[in-house]
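Values below: all heavy atoms of this structure, side chains included; hydrogens, waters and symmetry mates excluded. Heads up: numbering here begins at 1 and tracks the sequence.
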Amino acid sequence: MTEFNFEQAFSRNIGWITKDEQAILRSKKIAIAGLGGVGGSHLLTLTRLGIGKFHIADFDKFELANFNRQVGATISHLNHPKTDIMAAMALDINPELTIQKFPDGVTYNNLANFFSGVDLYVDSLDFFAFEAREMVFAYCAEHKIPAITAAPLGMGVALLNFMPNKMTFEQYFKLNGKSSIDKILHFLLGLSPAMLQRRYLIDQNSVDLLNHRGPSTPMACELCAGVVATQALKILLGRGKVLAAPKGLHFDAYSNRLVTTWRPGGNGNPFQKLGISIAKKQFIKMRRE
């Protein structure tokens, strides 16, 4: 059996980053909340980038409905906790990793421990987990922890970075005090002002916002992982321009389009408010029909 050697295992990263930068990444700690569609791919991609420490949180187990998109979802992993499976898969890539598991998910009781010593937060919570998401982003803003969210939409990815001393998650999305459906619409259109994925959704009945169901693709999840790891590299190494909210990116592989989004004021922007209003009317009409 070949003995593990960090420098050799990740030597092909050198060239795009320097040896000194690889050592910096090895020393960094990233927190990932949610190990489902995008979270598992984030963890493994960041592990291959050479990140050395992780805090990972998820209270769920793998099930058959996860198979189309979740990297840890296999027959042998059915009904196993996602934190256990994903930690084992990451350690199989780099056995020198430091991984702390939070099998109860992120809660008010473990929030400080989850973010202890963390250099960067990567959001991978379920789309509809608004209470948890608002809580963790508020903590990041208060403690000046950079935070990345990348949404798998259709066959593309929509990215937003929330950087210290810049626009916060709440200032951008304005979810506080909203109803359940308003939070869904504010979050969806805030993530994806361009809505590039809308044009090729061929089965409208597959979307059931009230029951927290929607279609997904494995391509979108893997695109998210690549985009997030690139943003993580830039943030942790201080290299290159990092777009921060209210600016974002939306790349859609199906429509062959890349858009830099910009919504000054976030969801408070007049054009954004109009879009949300139209979306709500369409949603209400669909429900009546």
For [X] and [Y], which heavy atoms make the closest approach, and how far apart are they?
| X | Y | answer |
| --- | --- | --- |
| P215 | V207 | CD-CG2, 3.9 Å |
| L160 | A245 | CD2-CB, 4.4 Å |
| A220 | G156 | CB-O, 3.4 Å |
| H212 | S180 | NE2-OG, 4.4 Å |
| A194 | V259 | CB-CG1, 4.3 Å |
| S192 | L153 | CB-CD1, 3.4 Å |

Rounded to the nearest 0.5 Å, what separation is found between the [atom1] atom of [X] and the [atom2] atom of [Y]?
| X | Y | atom1 | atom2 | answer |
| --- | --- | --- | --- | --- |
| E21 | T18 | CD | OG1 | 3.5 Å |
| N110 | D104 | CG | CG | 7.0 Å |
| R213 | N205 | CZ | CG | 11.0 Å |
| D182 | S179 | CG | OG | 3.5 Å |
| K280 | L189 | NZ | CG | 13.0 Å |
| L120 | F54 | CG | CZ | 10.0 Å |

Taking [Y]'s backbone N and O only, do any of them form a donor-acceptor pair with [X]'s side chain (distance below 3.5 Å, no angle check)?
| X | Y | value |
| --- | --- | --- |
| S206 | D203 | yes |
| Q22 | K19 | no |
| H55 | Q100 | no |
| R69 | A65 | yes |
| K174 | Q171 | yes |
| N66 | E63 | yes |
| D58 | L35 | yes |
| S116 | N113 | no |
| N13 | L49 | yes |

Sequence neighbours left out, cut at 3.5 Å: what donor-acceptor pairs do the side chains of residues 90-97 make with other protein atoms?
| unit_1 | atom_1 | unit_2 | atom_2 | d |
| --- | --- | --- | --- | --- |
| N94 | OD1 | E96 | N | 2.9 |
| E96 | OE1 | R26 | NH2 | 2.7 |

Side-chain donor-acceptor pair under 3.5 Å between [X] and [Y], yes or no?
| X | Y | value |
| --- | --- | --- |
| S255 | D252 | yes |
| K273 | N267 | no |
| E170 | N176 | no |
| S216 | N68 | yes |

Taking atom [atom1] of [X] as the centre, does the number of heavy atoms from other residues, nucleotides or ligands within less than 6.0 Å exceed 12?
| X | atom1 | result |
| --- | --- | --- |
| K247 | NZ | no |
| F6 | CZ | yes |
| K61 | NZ | no |
| F4 | CZ | yes |

Pairs under 3.5 angstrom only: tabulate donor-acceptor contacts from the side chains of residues 224-238 to other protein residues two or more places apart or in another chain.
| unit_1 | atom_1 | unit_2 | atom_2 | d |
| --- | --- | --- | --- | --- |
| T230 | OG1 | G226 | O | 2.8 |
| Q231 | OE1 | N161 | ND2 | 2.9 |
| K234 | NZ | K241 | O | 2.5 |

- Residues two or more places apart in sequence or in another chain: which of them pass ring pair (Phe, Tyr, Trp, His ring centres under 6.0 Å) with F173?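 By the ring pair (Phe, Tyr, Trp, His ring centres under 6.0 Å) rule, F173 matches F169, F187.
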
With the 4.5 Å side-chain cut-off for hydrophobic clustering, are [X] and [Y] part of the same group?
| X | Y | value |
| --- | --- | --- |
| V71 | L43 | yes |
| F251 | L243 | yes |
| M195 | W262 | no |
| L191 | L249 | no |
| V118 | F162 | yes |

Does [X] reach the side chain of [Y], with side-chain heavy atoms less than 4.5 Å apart?
| X | Y | value |
| --- | --- | --- |
| I181 | L185 | yes |
| H250 | V157 | no |
| L46 | I32 | yes |

- Message: Please determine whether side chain to side chain contact (heavy atoms under 4.5 Å, CB included) holds for the pair I145 and F115, giving the CA-CA distance in whole Å, both sets of side-chain angles, and the decisive distance to 0.1 Å.
- Response: CA-CA 9 Å; I145 299 171; F115 281 112; 3.8 Å; yes

Validation: residues 124-138 side-chain donor-acceptor distances under 3.5 Å, sequence neighbours left out:
| unit_1 | atom_1 | unit_2 | atom_2 | d |
| --- | --- | --- | --- | --- |
| D126 | OD2 | F128 | N | 2.9 |
| R133 | NE | D123 | OD2 | 2.8 |
| R133 | NH1 | D126 | O | 3.1 |
| R133 | NH1 | F127 | O | 3.2 |
| R133 | NH2 | D123 | OD2 | 3.4 |
| R133 | NH2 | L125 | O | 2.7 |
| R133 | NH2 | D126 | O | 3.3 |
| E134 | OE2 | K183 | NZ | 2.8 |

- Task: State plainly whether the residues D60 and K82 are in salt-bridge range, i.e. N to O under 4.0 Å.
- Result: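 A salt bridge links D60 with K82.
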
- Query: Which side-chain hydrogen bond (donor to acceptor under 3.5 Å, both in side chains) pairs, counting each pair once, include a residue from residues 35-52, with sequence neighbours left out?
  - Reply: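 side-chain hydrogen bond (donor to acceptor under 3.5 Å, both in side chains) check on residues 35-52 returns S41-E222.
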
- Query: What's the verdict on side chain to side chain contact (heavy atoms under 4.5 Å, CB included) for M86 and H80, showing C-alpha distance, side-chain angles and the deciding distance?
  - Reply: CA-CA 10 Å; M86 294 314 307; H80 288 276; over 6 Å; no

- Residues that P193 engages under side-chain contact (heavy atoms from CB on, under 4.5 Å), provided they are two or more places apart: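 For P193, the residues satisfying side-chain contact (heavy atoms from CB on, under 4.5 Å) (neighbours in sequence not counted) are Y172, T261, R263, Q272.
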
- Message: For H186 and I276: C-alpha separation, side-chain torsions, deciding distance, then whether side chain to side chain contact (heavy atoms under 4.5 Å, CB included) applies.
- Response: CA-CA 7 Å; H186 275 68; I276 293 171; 3.7 Å; yes

- Given side chain to side chain contact (heavy atoms under 4.5 Å, CB included), test F67 with L78 step by step and report yes or no. CA-CA 10 Å; F67 273 41; L78 277 174; 3.8 Å; yes

